[in-house]
Amino acid sequence: MNPLKQQIETLKKEKNAIILAHYYTLPEVQEVADFVGDSLGLARKAAETDADIILFAGVHFMAETAKILNPSKKVLVPDMSAGCSLADSCKAEKLAEYKSKHPGYKVLSYVNCSAAVKALSDLIVTSGNALKLVNQLPKDEKIIFVPDGNLGDYINRMTGREMLLWDGACCVHDHYEVEQLEKMKAEHPEALVVAHPECRREMLEKVDFIGSTAAMLNHIGESDAKEFIVVTESGILYEMQRRNPGKTLYTLYPGQPEHDCVNMKKNNLEKIYHTLQNEEPELLMDEELREKALVPIQRMLEMS
């Protein structure tokens, strides 16, 4: 075993720490994690853990969610600069201003947002549960959906809603090109295409299956097909291949790491080791903000 991995395992036991990692992180990070999942799975795991320390290998808003759910636990972040372009596209002060101009509207926020935005929200959703939760709301509910316009557009089309959509997007998924997908499909005509709903509508219209990272994983495992083109961040292929060794998987941009999430890749073994050893950087949060942000997250967990 890699010496760093051994040292991380030792520190986890000594400190009663748990490592949570997203599917988009590096394979070496996923290997030392106690749980690897999508946003919904990670939120649930954070809510139920009895660890004293949660080290979150993902991006900043994910660690915030863990802290919101665990005020008495120490939440560590390997790299505080690991942000999210989607979360950054919706600032709390701008949302508050927008809300004031739309009285009577509820704010439905994708989990990929800051704690301050969550605190202004009525309900949080993930890409894995959004359709289920939106369908539980009254048909005449007036809704503002933030921050992902692509995901919001997908939800509107699938549910028949007319939610007001924030003009935000993931800089990775939003930049995927239909021309590249057509090129990959020509090269691999037998492959089915799975995609994340953060992609633009014109991309989603060209694929065979749309779903969250967890949904894509399950779909590939259950499908009889042997080849897949995966239209999301390439980090997911590590877990997909581990679960499906007999299937052939292609990322949309093979050999082009510039199309991956820079922030997710900031997590590595060295940072995780030093963070666990020194118990810093630690994510701290104002208690009033935490309590406000907790309400819509709890509602999500109750409705899921």
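Computed over heavy atoms, backbone and side chain alike; hydrogens, waters and symmetry mates excluded.
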Inset, instruction - Inspect the contact between Lys206 and Glu182 and indicate whether a charged nitrogen and a carboxylate oxygen are less than 4.0 angstrom apart. - result: yes
Legend entry - pair Val36-His22: side-chain heavy atoms closer than 4.5 Å: no
Inset, instruction - Indicate whether any N or O donor in one side chain lies under 3.5 Å from an N or O acceptor in the other, for Asp260 and Ser234. - result: yes
Legend entry - Spacing of Leu217 atom CG and Asn244 atom CG [to the nearest 0.5 Å]: 8.0 Å
Inset, instruction - For the residue pair Tyr105 and Glu141, confirm or rule out a side-chain donor-acceptor distance under 3.5 Å. - result: no
Legend entry - Between Glu177 and Tyr253: side-chain donor-acceptor atoms closer than 3.5 Å: yes
Legend entry - Backbone N/O of Ala115 and side chain of Glu64: donor-acceptor pair under 3.5 Å: yes
Inset, instruction - For the residue pair Phe209 and His219, categorise the inter-ring angle as parallel (less than 30°), tilted (30 to 60°) or perpendicular (more than 60°). - result: parallel
Inset, instruction - Answer yes or no: does atom NZ of Lys15 have more than 12 heavy-atom neighbours from other residues, nucleotides or ligands under 6.0 Å? - result: yes
Inset, instruction - Verify whether one side chain among Ser212 and Ser127 offers a donor that lies under 3.5 Å from an acceptor in the other. - result: no
Inset, instruction - Group every Ile, Leu, Val, Met, Phe, Trp and Tyr by side-chain heavy-atom contacts under 4.5 Å, then state whether Ile229 and Tyr238 land in the same group. - result: no
Legend entry - Polar side chain donor-acceptor pair, Thr213 to Tyr24, under 3.5 angstrom: no
Inset, instruction - Would you mind checking if Arg242 and Glu239 are paired as a salt bridge, meaning a charged N to carboxylate O distance below 4.0 Å? - result: yes
Inset, instruction - Decide whether Lys266 and Ser81 meet the rule of one side-chain donor and one side-chain acceptor closer than 3.5 Å. - result: yes
Inset, instruction - Flag yes if Ile272 and Leu20 sit in one hydrophobic cluster, no otherwise; membership is Ile, Leu, Val, Met, Phe, Trp, Tyr, and two members link when side-chain heavy atoms are under 4.5 Å apart. - result: no
Legend entry - Atom CD of Glu205: over 12 foreign heavy atoms under 6.0 Å: yes
Legend entry - CG/Asp167: more than 12 non-hydrogen atoms of other groups inside 6.0 Å: no
Legend entry - Side chain proximity check, Pro296 to Asp122, heavy atoms < 4.5 angstrom: no
Inset, instruction - Compute whether any side-chain donor of one residue and acceptor of the other, for Gln180 and Tyr176, lie under 3.5 angstrom apart. - result: no
Legend entry - Pair Lys5 + Glu9: basic N to acidic O under 4.0 Å: no
Legend entry - Ile210 reachable from Val111 in the ILVMFWY side-chain graph, under 4.5 Å edges: yes
Legend entry - Value rounded to 0.5 Å, distance of OG in Ser114 from CZ in Phe61: 10.5 Å
Legend entry - Residue pair Tyr110 / Glu198, side-chain donor-acceptor N/O under 3.5 Å: yes
Legend entry - Lys/Arg-Asp/Glu bridge criterion (N-O < 4.0 Å) met for Arg290, Glu287: yes
Inset, instruction - State, with a plain yes or no, whether a side-chain heavy atom of Glu227 is found less than 4.5 Å away from one of Leu192. - result: no
Legend entry - Within 6.0 Å of CD in Glu48, more than 12 heavy atoms from elsewhere: yes
Inset, instruction - Answer yes or no: is there a side-chain heavy-atom contact under 4.5 Å between Arg201 and Asn150? - result: no
Legend entry - Residue among Leu108, Asn156, Val107, Ile144 satisfying side chain to side chain contact (heavy atoms under 4.5 Å, CB included) with Leu164: Ile144
